[in-house]
Amino acid sequence: MDRNGWDFHRHISQEYGPVVKMSGFLNRPILYVYDPKALHSIVVKDQYVYEEKRAFISTNLLVLGSGLLSTLGDHHRKQRKMLNPVFSVAHMRYMLPIFYQVVDRLRHAISAQVDAEPREVDVLNWMGRAALELVGQGGLGYSLDPLVEDTPNALGNAIKGLVPALFALDTPLRAAPYFTAIGSPAFRRRVLGWIPHKKTQKAKEIVDTIWDVASSLFDAKKRALEKGDEAVLKQVGEGKDIMSILMKANMNASEDDRLADSELVAQMSTLLFTAMDTTSNMLSRILQLLSERPDVQEKLRQELPFLDAVCRETLRMYPAAQIIIRETRKDIIMPLSAPIRGRDGKMMHEIPIPKDTQVVVGILGSNCNKALWGEDALEWKPERWLSPLPQAVTDAHIPGVYSSLMTFMGGGRACIGFKFSELEMKAVLCTLLPAFKFELPKGSIMWNIAAVTYPTMGSDTRPEMLLK
């Protein structure tokens with residue numbers, strides 16, 4: 001995957017139509033898809049035929065443990081059943097007081113760094129630290145970053161460095177399905193430690209940091225829960241955090257439904273990674289766009305209800321992941337919303353898909369489909385959300401869980417924490433925008449394509465984004 005491959009992604013998503021046939025590694029057939037009816041088949045109706053790539057599942061198992069991103073089928077459904085209630089809208093309302101306490105500390109910390117004179121600051125770093133503390137307190141019931149000064153945070157740096165580190169190992173990770181079949185996790189860890197490869201050891205160090213923190217937090221929370229409610233109430237969040245509620249529910253679950261301790265630790269490491277990396281990068285993107293459009297930035301200060309439109313439009317045009325890849329586990333017929341012309345010139349109303357075909361869910365293609373969103377689909381226009389969406393969008397029945405967008409996907413593998421993330425973003429922006437004016441830096445900001453897109457300054461590979 002080319003981290004600079006934006007032109008290719010735009011070309012595929014805009015020039016060829018809603019289903020594109022391509023050839024991949026060793027001439028393996030690939031379909032790039034954003035036809036609405038086909039998407040519904042892929043992520044909802046036939047989601048257990050269109051499963052995650054084996055390499056994706058195996059890599060997540062190596063990196064995050066046996067959590068939501070690393071399981072399939074009945075195992076995944078069992079975990080999701082246990083987790084769904086703690087990510088409900090009803091529970092999210094308990095998060096707001098926690099969020100605003102954290103974000104107020106963020107505001108004071110940035111004020112102290114800027115002081116009386118405007119200067120460039122690493123916004124990505126601050127958004128990452130804030131997101132880490134938000135997920136720490138709201139998700140895990142622990143404070144992970146006091147946000148009192150501009151100091152390095154080992155866990156935050158590890159999470160921020162994970163995607164670039166794995167990106168550098170893209171080719172070796174193709175062997176992940178075979179490697180995860182060998183021995184126990186402890187044995188595989190020892191084997192990795194013997195490999196004299198700098199990039200592999202860097203990735204292992206990052207993974208060890210995240211897993212060690214998740215394990216120690218889990219052990220402490222388990223001890224508190226075993227002591228009773230009084231001990232839990234003394235913790236950050238007073239037992240209302242996601243993991244406290246999940247672990248209580250797990251203790252009371254039947255033996256068939258109960259998750260193993262290793263799975264609970266894996267959910268914690270998964271939550272740490274997903275809730276910090278995607279949210280902080282999206283916040284950084286919004287602040288960059290507002291720096292490019294000072295008129296929108298000023299309007300937000302005057303009309304905070306406009307914030308919802310800004311968030312939705314940014315999530316539409318700049319999803320954290322441009323694509324999601326699925327593999328067909330058996331032959332299947334893919335339905336289409338409208339007929340397309342095949343290579344032989346004949347019109348096709350459905351497409352036969354052989355087993356083991358890679359199917360690329362075109363998130364960017366769907367979110368920026370001019371046939372649905374109009375000719376201005378490639379323009380960042382928050383005001384489009386202040387009026388009813390185009391009838392074509394409504395009639396298409398896009399299977400995404402959020403605002404007719406595929407950004408958070410849909411079906412049984414939709415992003416379970418999208419409400420948590422949305423609440424985080426709005427809490428941060430509501431607090432920072434009245435306090436600061438953001439401007440573009442002297443250097444250029446470059447966004448890199450990866451599993452989660454991330455910014456760097458110029459051609460540097462280190463995640464960073466400066467704003468004044």
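Bear in mind that the values here come from a model prediction, so they are computed numbers and not experimental data. We use all heavy atoms of the structure for the numbers below, so side chains are in, but hydrogens, waters and symmetry mates are not.
Taking the ring axis of Trp447 as reference, the NZ or CZ atom of Arg285 stays within 45° of it and closer than 6.0 Å to the ring centre.
A salt bridge between Lys78 and Asp256 is absent, with no side-chain N of the basic residue lying under 4.0 Å from a carboxylate O of the acidic one. Taking 4.0 Å as the cut-off between side-chain N and carboxylate O, Lys204 and Asp208 count as a salt-bridged pair. Here Arg258 does not pair with Glu255 in a salt bridge; the nearest charged N to carboxylate O distance is not below 4.0 Å. Residues Glu313 and Arg384 are paired through a salt bridge, judged by an N-O separation under 4.0 Å between the basic side chain and the carboxylate. Ion pairing of Asp104 with Arg107 is present here, as a side-chain N (NZ or NE/NH1/NH2) and a carboxylate O approach within less than 4.0 Å.
Listed for the Gln47 side chain is a donor-acceptor partner under 3.5 Å among the backbone atoms of Gly412. Checking side-chain atoms of Lys426 against main-chain N and O of Leu307 turns up no donor-acceptor pair under 3.5 Å. Without hydrogens or angle criteria, Ser269 side chain to Leu64 main chain gives a donor-acceptor distance under 3.5 Å. Judged purely by atom type and a 3.5 angstrom limit, Ser88 uses its side chain to pair as donor or acceptor with the backbone of Pro85. In this structure, the side chain of Gln201 does not engage the main chain of Pro196 through any donor-acceptor pair within 3.5 Å. Gln297 contributes a side-chain N or O that, together with a main-chain N or O of Leu290, makes up a donor-acceptor pair within less than 3.5 Å. Of the possible polar contacts, one joining the Thr71 side chain to the Gly67 backbone as a donor-acceptor pair under 3.5 Å is found. One N or O on the side chain of Glu120 and one on the backbone of Lys442 form a donor-acceptor pair closer than 3.5 Å. Looking at Tyr34, its side chain does come within 3.5 Å of a backbone N or O of Ser13 through a donor-acceptor pair.
Scanning all heavy atoms of the two residues, the minimum distance from Leu467 to Gln288 falls at CD1-N, 4.1 Å. The two residues Ile363 and Ile323 have their closest heavy-atom pair at CD1-C, 4.1 Å. When all heavy atoms are compared, the tightest approach of Gly138 to Phe420 is C-CE1, 4.2 Å. Smallest separation of non-hydrogen atoms from Glu424 and Ala275: OE1-O, 3.9 Å. In terms of heavy-atom proximity, Leu124 sits nearest to Ser280 at CD1-O, 4.3 Å. Contact record, Ala266 with Gly65: CB-C, 3.6 Å, taken as the closest heavy-atom pair.
Taken to the nearest 0.5 Å, the CG atom of Asn157 stands 10.0 Å off from the CG atom of Leu132. Distance CG/Asn60 to CZ/Phe273: 8.0 Å, rounded to 0.5 Å. Rounding to the nearest 0.5 Å gives a distance of 5.5 Å between OG1 of Thr431 and OH of Tyr100. For the atom pair OG of Ser66 and CD of Gln267, the computed distance is 7.5 Å after rounding to the nearest 0.5 Å. Rounded to the nearest 0.5 Å, atoms CZ (Phe438) and CG (Leu287) are 5.0 Å apart. Here CE of Met276 is found 10.0 Å from CZ of Arg129. Values are rounded to the nearest 0.5 Å.
The closest side-chain heavy-atom distance from Trp385 to Asp308 is not below 4.5 Å. Within the 4.5 Å cutoff, the side chain of Glu298 has no heavy atoms near those of the Lys437 side chain. Side-chain atoms of Leu272 and Leu140, non-hydrogen and from C-beta on, do get closer than 4.5 Å to each other. In this structure the side chain of Ile242 reaches within 4.5 angstrom of the side chain of His91, judged on heavy atoms. Looking only at side-chain heavy atoms (C-beta outward), Leu378 and Gln14 come within less than 4.5 Å of each other. Residues Lys202 and Lys198 form no side-chain contact, since every pair of their non-hydrogen atoms from C-beta on lies 4.5 Å or further apart. Annotation: side chain of Asp241 is in contact with side chain of Lys221 (closest heavy-atom distance under 4.5 Å). Inter-residue side-chain proximity for Leu68 and Thr274 is flagged as unmet; no heavy-atom pair is nearer than 4.5 Å.
Considering only residues two or more places apart in sequence or on other chains, Gln322 meets the side-chain hydrogen bond (donor to acceptor under 3.5 Å, both in side chains) condition with none of them. When the salt bridge (Lys or Arg N to Asp or Glu O under 4.0 Å) test is applied to Glu133, the partners found at least two apart in sequence or on another chain are Arg105.
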Next on the checklist: Working note: Tyr142 + Phe218, criterion ring pair (Phe, Tyr, Trp, His ring centres under 6.0 Å); need CA distance, chi angles, decisive distance, verdict.
Outcome noted: CA-CA 10 Å; Tyr142 288 94; Phe218 172 79; over 10 Å; no
Next on the checklist: side chain to side chain contact (heavy atoms under 4.5 Å, CB included), that's the test. Do Arg293 and Leu300 meet it? Break it down for me.
Outcome noted: CA-CA 11 Å; Arg293 290 284 304 276; Leu300 265 179; over 6 Å; no
Next on the checklist: Checking Tyr454 against Asp277 for the side chain to side chain contact (heavy atoms under 4.5 Å, CB included) test, could you report, in this order, the C-alpha distance in whole Å, the side-chain angles of both residues, the deciding distance, and whether it holds?
Outcome noted: CA-CA 9 Å; Tyr454 64 95; Asp277 210 36; over 6 Å; no
Item to check | side-chain hydrogen bond (donor to acceptor under 3.5 Å, both in side chains) between Thr453 and Asn281, intermediate numbers included | outcome: CA-CA 8 Å; Thr453 57; Asn281 290 5; 5.6 Å; no
Next on the checklist: Apply side chain to side chain contact (heavy atoms under 4.5 Å, CB included) to residues Val43 and Ile324 and explain how you reach the verdict.
Outcome noted: CA-CA 10 Å; Val43 304; Ile324 297 290; over 6 Å; no
Checklist entry - Trp380 and Glu292: side-chain hydrogen bond (donor to acceptor under 3.5 Å, both in side chains), yes or no, with the steps? => result CA-CA 11 Å; Trp380 187 73; Glu292 294 171 353; over 6 Å; no
Next on the checklist: Working note: Arg329 + Leu72, criterion side chain to side chain contact (heavy atoms under 4.5 Å, CB included); need CA distance, chi angles, decisive distance, verdict.
Outcome noted: CA-CA 12 Å; Arg329 296 296 192 251; Leu72 296 170; 3.9 Å; yes
Checklist entry - Where do Arg10 and Asp7 land on the salt bridge (Lys or Arg N to Asp or Glu O under 4.0 Å) test, with the steps shown first? => result CA-CA 5 Å; Arg10 293 191 188 97; Asp7 289 343; 3.7 Å; yes
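Other residues, nucleotides and ligands place no more than 12 heavy atoms under 6.0 Å from the OH atom of Tyr94.
Among pairs with a residue in residues 404-418, those fulfilling side chain to side chain donor-acceptor pair (under 3.5 Å) read Glu52-Arg413, Asn367-Thr407, at least two apart in sequence or across chains.
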